[in-house]
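Accompanying notes for the structure given below.
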Amino acid sequence: MVHWEQLERILPLVAKPGRYTGNELNIIRKDWAKTPMKFALAFPDIYDVGSGHLGFKILYSLLNGRGDTLAERVYAPWVDMEEQLRKHGIPLFSLESRRGLGEFDLVGFTLQYELSYTNILNMLDLGGIPLLAQDRDNHHPFVVGGGPCVFNPEPLAEFFDLFVIGDGEEVVMELMDCYSSWQTDTGVQGQREQFLLKAAEIPGVYVPAFYKVTYLNSGIIEQIEPVQDTVPAKVTKRVVQDLDSTFYPKEFVVPYIETVHDRIMLEVMRGCTRGCRFCQAGMIYRPSRERNRSTLLEQARLLTASTGYEEISLASLSTSDYSDIRNLIQNLMAGYGDCGIAISLPSLRVDTFSVGLADEIQNQRRTSLTFAPEAGSQRLRDVINKNVTEADLFSAAEAAFKAGWDTIKLYFMIGLPSETMDDVAGISELVQQVLRLGRQIRAKDGKAGRVRVNVSVGSFVPKSHTPFQWAAQMSGDELKKRQQFLRNQFRDRSISFSWTDVEQSLLEATIARGDRRIGKAILHAWQNGAKFDPWAEHFNWQLWKDAFSATGIKPAFYSLRERDLGETLPWDHIQSGVSKGFLRHEWELAHKGITTPDCRFECSDCGLCPELSVANVLSGGKDHDKD
Amino acid sequence: MIKIRIKFTKEAPIRFISHLDLARTIERALRRAQIPVNYSEGFTPRMKMAFGSALAVGVTSSGEYLDLELDRHVELDGFLEALNRVLPVGITFTEGVYIDQDTPTLMSIINRAQYILTGDLEHNADLGQAVQSLLDEKILSVERVRKKRTRTLNIRPWIFEIDILSKSAKTARLQLLVQTGSHGNVRPEEVAEYLPFLENSLQVHRQGLFIARNSSLSSPLEVAHC
């Protein structure tokens with residue numbers, strides 16, 4: 001255990017010590033000695049970034065709700081704190097009981113983005129846990145992974161004991177039951193493999209050590225096969241079908257220091273039916289399941305009372321698609337508008353309906369509205385199945401400017417499959433037209449000068465389990481050329497332009513579709529100092545280039561190569577429920593520029609609902625008329 | 001319009017949070033306790049709340065103050081009890097009084113701060129001698145950086161008392177009374193710079209904030225009584 005007196009000495013020496021002190025409102029601290037199972041919820045980034053993560057809020061309350069389990073939070077220390085921990089021989093510790101990471105039975109990491117992987121290694125190291133699963137023994141925890149990136153867990157296969165694929169609410173409880181039997185059964189206790197074998201029988205649990213990967217001379221995977229009889233050849237993700245009655249926390253831990261997403265989040269729905277071909281979340285979180293308005297209002301009542309937060313955010317992949325959104329917003333406004341609590345919509349569909357929703361939320365400063373047309377031409381938007389037209393964008397922008405907004409944020413991608421410079425020029429034209437439109441409208445109040453368009457352009461990274469999983473990433477030179485072109489286009493002072501780092505995108509693409517061999521490079525990069533890779537001030541491309549060459553890995557093989565439709569993909573044994581045949585069909589339709597409709601209105605035969613015996617769930621509201 | 005003046009503490013477990021964090025934490029507690037606080041007008045309504053003096057990160061205190069504007073009358077004991085039930089560990093509202101609408105703000109009247117400094121002493125240090133020679137000085141210069149500009153200030157006129165409360169070979173406790181507020185401000189660490197404490201060993205506790213008038217000190221609650 002790390003003593004407070006020890007900490008008090010080092011905390012004055014680090015930035016934002018409130019990251020490490022714990023003791024926030026609504027934390028749960030159980031009796032360490034008397035609680036048999038101890039679970040660390042480990043977020044591989046700093047507290048400021050991780051504490052708002054909804055998945056961990058759910059698991060924290062859920063696990064601590066069990067009498068036999070305690071769950072505590074652990075975040076990556078910032079570099080100044082890491083220096084102090086290492087200098088004083090203090091292990092990375094949990095915020096509740098201040099126990100070293102290595103003292104837990106299970107350490108669960110959430111894999112939110114590929115660039116966080118070196119932080120995972122760093123945290124294991126700081127916690128005194130051997131990095132490789134095969135080096136762990138009875139004294140060490142089991143290292144568990146969950147979250148979106150587990151849909152291709154292979155680059156981390158050697159570091160993790162097991163992965164949990166899909167919605168966590170049910171499977172994590174089954175995993176704890178399994179651990180409890182193993183812990184108390186004198187016949188098997190202490191034998192790690194016995195636990196892993198039992199765990200691997202739980203649907204949705206993947207134990208990488210029980211699978212063998214063989215490669216062809218070309219470097220392409222020959223096959224991925226289980227080496228134990230009892231483990232499934234393919235692991236299928238878990239789905240919580242009845243989201244409405246699924247556990248949701250009544251309390252959130254309320255941080256003291258300023259953090260990302262520091263507010264009440266109501267998860268109005270999980271999953272998205274739009275079927276954008278680049279979007280991994282849209283594929284892996286299927287089917288779309290809405291919560292009932294009455295359930296959400298009750299959650300709002302409990303959470304406002306227990307947290308005192310000043311903001312309620314309606315979270316989902318596409319909140320304006322929630323079919324009872326109007327009534328929900330009106331009810332929340334009526335219930336909380338007078339108590340200094342604001343309502344916020346994180347993601348707006350590109351249409352006037354959504355602007356209308358934002359407009360209904362009174363008392364809200366008209367700072368900016370964000371739309372994501374994603375691509376600059378209708379042709380390319382059809383390729384990626386982003387069912388948004390130029391007319392949609394202009395009418396949405398017009399409605400926003402008329403309602404008093406001065407700033408519109410537009411999000412686009414470059415490097416999409418089949419993209420040409422014409423499509424990129426289309427981005428520039430759209431932006432200029434939105435700016436002109438805004439000036440025209442705001443000129444009526446004499447406020448044309450206030451109009452701003454903030455343009456954010458990301459580089460497309462092909463992801464597993466999407467129709468673009470076979471696509472080649474665009475080369476760094478091409479991406480840079482496009483960024484330069486757009487920089488030249490956006491000279492107007494009323495346009496602000498931001499873009500993502502090309503090298504970070506290249507790395508992300510390599511890991512996102514990597515196989516087990518990539519793990520060696522991640523280890524090498526970490527050993528040479530790579531960490532906090534999502535942070536521009538820490539990202540060091542040279543370290544990674546060295547790591548790839550030292551481990552004999554050619555990043556282009558993973559990122560820049562268009563994959564053959566017949567080849568075995570590193571994640572073929574992980575099933576999202578969406579059939580590979582559907583993804584292939586969508587990839588072909590993309591080539592032809594043919595769109596696929598929203599599957600709430602017309603089933604697109606992705607295979608998921610029959611395969612997993614699930615279905616889209618609408619809450620019964622009436623706001624889902626087809627645009 | 002109804003105004004309440006509150007005395008509260010900031011204790012060890014949360015001493016590492018900043019003043020802004022503390023303010024947000026108290027706002028959220030007020031909302032949890034469903035206290036009828038008034039909000040400012042405008043697009044981003046804020047609670048009408050004003051603090052006496054910001055406490056530096058790392059410093060604990062047993063005497064902080066804030067004024068709060070309420071929409072309606074509340075029963076004071078019940079108010080303090082309701083808040084203490086929902087306040088996080090480390091903050092306690094200890095006293096409250098109703099104040100007149102035109103009572104001068106805390107910021108404008110508070111001009112003294114009393115601190116307790118605890119720390120490890122350097123080897124063979126003579127603390128008594130160090131305190132005496134500090135007090136004998138006419139000028140004690142400190143440098144402060146603000147908006148990238150460094151200013152040199154003499155803090156000696158703002159140091160009123162230094163008392164050694166206890167002392168052993170290794171550690172010592174001092175009590176310090178200094179000027180605070182807009183007409184001059186002393187940070188306890190600046191005084192400690194002139195004393196033989198070991199680096200990083202100093203813990204600072206604010207005993208209280210006061211109003212000095214005619215050579216006597218009164219608490220912000222006393223002057224506010226109506």
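Here is the naming used below: chain letters follow the sequence lines, and residue numbers restart at 1 for every chain.
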Quick one: what part of V57(B) sits under 4.5 Å from any heavy atom of chain A, side chain, backbone, both or neither?
side chain
Which atoms of Q203(B) come close to chain A, meaning under 4.5 Å heavy atom to heavy atom: side chain ones, backbone ones, both, or neither?
side chain
Could R85(B) and E81(B) be called an ion pair, given the rule that one side-chain N must be under 4.0 Å from one carboxylate O?
yes
Just checking, any donor-acceptor pair under 3.5 angstrom between side chains of R206(B) and Q114(B)?
no
Interface check, chain B: of A305(A), P17(A), S306(A), G18(A), most non-hydrogen pairs under 4.5 Å belong to P17(A)
When the 4.5 angstrom heavy-atom criterion is applied to E8(A) and chain B, the contacting part is both
Given a strict heavy-atom distance threshold of 4.5 Å, which part of L13(A) is in contact with chain B: side chain, backbone, both, or neither?
side chain
Modelled atom types, side-chain donor and acceptor of S94(A) and E96(A), under 3.5 Å
no
Which one of I10(A), T307(A), T21(A), I341(A) has the most heavy-atom pairs closer than 4.5 Å to chain B?
T307(A)
Under a 3.5 Å threshold, yes or no: a donor from one side chain and an acceptor from the other, between Y20(A) and Q84(A)?
no
Quick check on the interface: out of R46(B), R15(B), Q34(B), who has the most heavy-atom pairs with chain A under 4.5 Å?
R15(B)
Are R301(A) and E298(A) ion-paired here, with the side-chain N under 4.0 Å from a carboxylate O?
yes
Could you check whether the rings of F43(A) and Y75(A) sit parallel, tilted or perpendicular, using 30° and 60° as the cut-offs?
tilted
Distance alone, cut at 3.5 Å: any donor-acceptor contact between the side chains of D48(A) and T259(A)?
no
Looking only at R24(B), R32(B), E27(B), the option with the highest number of non-hydrogen pairs under 4.5 Å against chain A is R32(B)
Which bit of T25(B) comes within less than 4.5 Å of chain A, counting heavy atoms only: side chain, backbone, both or neither?
side chain
Please look at L22(B) and chain A and tell me whether the side chain, the backbone, both or neither of the residue comes under 4.5 angstrom of a heavy atom of that chain.
neither
